[in-house]
There are 2 protein chains.
Amino acid sequence: MEKLKKYVSVKDEDHFYHQGAVELLIFNFLLILTILTIWLFKNHRFRFLHETGGAMLYGLVMGLIIRYVTKSSDVESGTIYECEKLKSGPSTLLINITNQVYEYQYKREISHHNVNGHQGNAMLQKMTFDPSIFFNIFLPPIIFHAGYSLKKRHFFRNLGSILTYAFLGTAISCIVIGLIMYGFVKAMVHIGQLKQWEFHFTDCLFFGSLMSATDPVTVLAIFHELNVDTDLYTLLFGESVLNDAVAIVLTHSISIYSPKENPNAFDAAAFFQSVGNFLGIFAGSFAMGSSYAVVTALISFMHLTKFTKLCEFPMLETGLFFLLSWSAFLSAEAAGLTGIVAVLFCGVTQAHYTYNNLSPDSKMRTKQLFEFMNFLAENVIFCYMGLALFTFQNHIFNPLFIFGAFVAVFVARAFNIYPLSFLLNLGRKQKIPRNFQHMMMFSGLRGAIAFALAIRDTDSQPKQMMFTTALLVVFSTVWVFGGGTTPMLTWLQIRVGVDPDEDLKAKTTSQSASNLDKNTTKAESAWLFRIWYGFDHKYLKPILTHSGPPLTSTLPKWCNPVARLLTSPSAYGDQLKDGDTDYIINNDELTENYESSAHMPVPTQDSTGSIQATGKEDIQEGDLGLGGYKLQLQRTAGQPQKNSLA
Amino acid sequence: MEKLKKYVSVKDEDHFYHQGAVELLIFNFLLILTILTIWLFKNHRFRFLHETGGAMLYGLVMGLIIRYVTKSSDVESGTIYECEKLKSGPSTLLINITNQVYEYQYKREISHHNVNGHQGNAMLQKMTFDPSIFFNIFLPPIIFHAGYSLKKRHFFRNLGSILTYAFLGTAISCIVIGLIMYGFVKAMVHIGQLKQWEFHFTDCLFFGSLMSATDPVTVLAIFHELNVDTDLYTLLFGESVLNDAVAIVLTHSISIYSPKENPNAFDAAAFFQSVGNFLGIFAGSFAMGSSYAVVTALISFMHLTKFTKLCEFPMLETGLFFLLSWSAFLSAEAAGLTGIVAVLFCGVTQAHYTYNNLSPDSKMRTKQLFEFMNFLAENVIFCYMGLALFTFQNHIFNPLFIFGAFVAVFVARAFNIYPLSFLLNLGRKQKIPRNFQHMMMFSGLRGAIAFALAIRDTDSQPKQMMFTTALLVVFSTVWVFGGGTTPMLTWLQIRVGVDPDEDLKAKTTSQSASNLDKNTTKAESAWLFRIWYGFDHKYLKPILTHSGPPLTSTLPKWCNPVARLLTSPSAYGDQLKDGDTDYIINNDELTENYESSAHMPVPTQDSTGSIQATGKEDIQEGDLGLGGYKLQLQRTAGQPQKNSLA
């Protein structure tokens, strides 16, 4: 008997080990299937179901199989045991069952209504892996890659519009969804589907903020493949990337918004605290991300005499780059900030500074590594979303709420895109045409971030209902709108097959000829960016990279000893050329542009406009920053006819 | 009160999320420190502490800090609760504590003696991550990389010796350690340190098998850096890689060896069953690994007319390659075989077939990706080993057992290397000199595999004592012998700075001149390999890769339709050159060699020896396979003087 028991326990253990392998194998299998499908699709130029949609579909089928084929293995599952001696839940529980001590690990607090028969299905449980793995491991590479591969030139050209859509647009979207959902919730209470106390207005706002995160993956993959018009691509890319960050911070701020008295009443103090939180978290995360990137740049740039440069060991360099970037995310999370924001700006800063210091080998290594991780992580996330529909055990399907969510999402998207585009068009020289606006409206897919935000908290019934609804919205938008992207592009007659660089050049030359007279007034409005670029070019680039002028020429005389210490020897060689620009960076026409005026004694702020940019890019003009944009708006309000000619 | 409670629960949850980030951050921090240290060491050409030793040291310090700085957070920890209603431990336990249901997840069965004060320290618990993560995620890339980057030419040149060391040597080592430890255990029982029933002879053998896995990482990294003599490098590399596989399967076989009656008595049936298990598991894992690689090769090779080749999408290709290779590991584990063996042979086969089909871009991508993953995984594992000394909560330090283990490990290594080298030297033309033997004796480091095998099962007291001892042996050997590698090489006057290719050529030409007369007799002995290579070259290579002769010329006439279907169009072009060999493969002088004779009608098995290999490599000779070796041994036994001249 003793022997038999031991034998059984060994078998059990084996079983446990293989379980880990089985689950990973299932994921691998799904991913392999997805890759093969992508290959098939690419061969047939079949674009109605995108790879992300395919991954989700496979996940869904697998989830269905796991749910209904595997059986609940424990007879005790679903039974609640009483324990009078315990006062609170310890993280580890030791239980004596028939003279054998078992160790149990705290997983979560659950409500009574969540206890159902599927609880004991170990397979289901293991397949729905911890959201913290999702957050800490699969999300960072995607966001980092977005920042790292940002086409800065196009991005900065449209920065004002992007920031408007991302910040103002997300706020609008959040509030509109919140209001509409609140209406639906009231109606549901009215017809008796819901008890009022379960759903506060803040819950609706919470739902609004998480549903405001649009997904960059699916649409942009198609855009990238088709070489869609660069301005549209940049607008959508910038919007969806930054909007994720905004939505995340917004969700976080709302979840910690706690009005003192009645949760339905508006509490000004709590509201302003939330706004303060939002700004603080955003700024803190930004700072955290950039400083990690700056540290990486400094390390990769070190040229102490005794030391071989790090770039002579590509493996160490790549490793350090990877680990420091990931640490930016983890540190921000550990410090209570938002890791996604940190890693996004870390990516941007790494591309701007560190990338220039890397050895050619490491440049390629990092680029390919992040591309690959991005590819895998994306597919894992979409597979996992598909799986979650059947493996998550506490779904609450409420048809009215789901219907409300669909309505709210579309209305909010419309309230975001059309009015903001109208306002932006008042200021933009290069208008956002109607078909672009329709396409942006159409591209409001919900994806990984909305899902991640919803799954983070599924303890209460309202949160579970939100999760279920968010999942359905993600599925529908990815399949319907993701699949409809190509037909929609044709229908809206949007240009495809555009070479981004050619496109930019063509646009800027035609503009700069006709808009020469407006240059100076607009250049003034971008003063913040010009200061930043001057500072960046004169001080940061020389300190952090091998490019830019030597510090000895940009710093005052008395700083010379310090300047000499900090300047790379190679900087003296290529004093006036910003040589390290590369295909991934594609940048710094702006810097070069500024450079030509940086060495002049007097800034070109006179009103003749004869010096500034004629053949070069007019990035400082027009569309830079909200500040400049508002100024523009006021001026043109009186004379709309004249301005719309441009 | 309600509000406060809710606030606390939100805080708690936040705390839980950040915990995940904090632990990952600690690991990142350790890795960053390690990388910076490696950089420092490389600059100072400081080789007394290798990077793996450094990683372990940092892990150790961090473990110390975590253990003694963080405090046990739960007051309830260490208390055992009674539960009369439960009959066995369910995988999920729902417990009602003061009207709130908590979900607990089954972790493990623990013995009463393991319950101590540190149980409740959540930080310690989280840092000692699940061994299955270690096994399923960090180990495969290291082993795969070993197989993928195998220098086949040198490997096959020394195959006989490598197989002898790996199979026979590991078995000797296992038995010697087992016997010595059994002696020590008897002595411990005699002086009253141990109750006899706790430690059977099979436990000693189990310890022997896990301590027989030598570590390839540390020594080979130094050898690689210094370009040590290629034969020595290959012998050690081959031995330690294959020996890991053998030790793992051996450990598995011993752990399921269950004699019917007295566990101390020898049970022939159970013994033969164990031997059968060993062979079955080894063969099964080998088959599993190779077949995944063959599937990869087939997919990457598909040239159906309608399909674009996969190699036009490097990302998909790399992804598929990566996932299928990992699946080889996971499938083997899931099927109850040994993943390590599967992934090792998967790596070898991938390098042999699939690598030839990859696009140039993917060739580099996969190579760099696996290199990078290997680098990271290695450092994670060594950091983790350092951490484990302080974070593992159930160490049992027994000085006599530890002393015994050190004695046993060295004696066993000596019994492995010296007698086997003597026997092998009887047959080898290229003798293994004394200083090589000393170096091999010295390089018997214990590392990741010994650790992984020991940590897999730490439930009972004997297993815990084994784990503690194994950990200490790993530490000492990595630090002392790893650090002493460079001085030892100097002291033993072993050549460094050798170019592997030049070296091989020099050796083979000098040999083939003097040994011309022995060629034919030896060539006969390697018939198994010649058949294999013929088959590989004529059928497998053309089916699975773009190289080799077209199938239409190797298959019989009546197979032509099938052959035409399976042959790549490009194969007709470069019919006689094996063009796709590459720096990673470095192979197929053997194949080319054989190729020249493959088209001849009669196999060259006549005794004149006029046709075979004169300027080319004599791989078929001398040292190929145990079968051939034994044949050799019998022949030379009568005339040892004459043969040792060669």
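All chains are named by letter (A, B, ...) in the order of the sequence lines, taking the proteins before the strands, and each is independently numbered beginning at 1. Model, not experiment: these values are computed from the prediction.
- Residues B/Ala334 and A/Ala21 approach most closely at N-CB, 4.2 Å, considering heavy atoms.
- At a 4.5 Å heavy-atom cutoff, the contact between B/Ile32 and chain A is made by backbone and side-chain atoms alike.
- Contacts of A/Phe372 with chain B are made by both backbone and side-chain atoms, with heavy-atom separations under 4.5 Å.
- Considering only heavy atoms from C-beta on, B/Gln368 stays 4.5 Å or farther from A/Leu369 through its side chain.
- With a threshold of 4.5 angstrom between heavy atoms, A/Leu323 approaches chain B through its backbone and through its side chain.
- Scanning both residues, B/Ile35 and A/Gly319, for their nearest heavy atoms gives CD1-C, 3.8 Å.
- Taken to the nearest 0.5 Å, the CG atom of B/Asn136 stands 9.5 Å off from the CD atom of A/Glu23.
- The contact between A/Leu31 and chain B is made by backbone and side chain atoms together, counting heavy-atom distances below 4.5 Å.
- The shortest side-chain heavy-atom distance between B/Leu25 and A/Glu333 does not fall under the 4.5 Å cut-off.
- Proximity to chain B (any heavy atom under 4.5 Å) is shown, for A/Phe329, by neither the backbone nor the side chain.
- A/Phe375 places none of its side-chain heavy atoms less than 4.5 Å from the side chain of B/Thr318.
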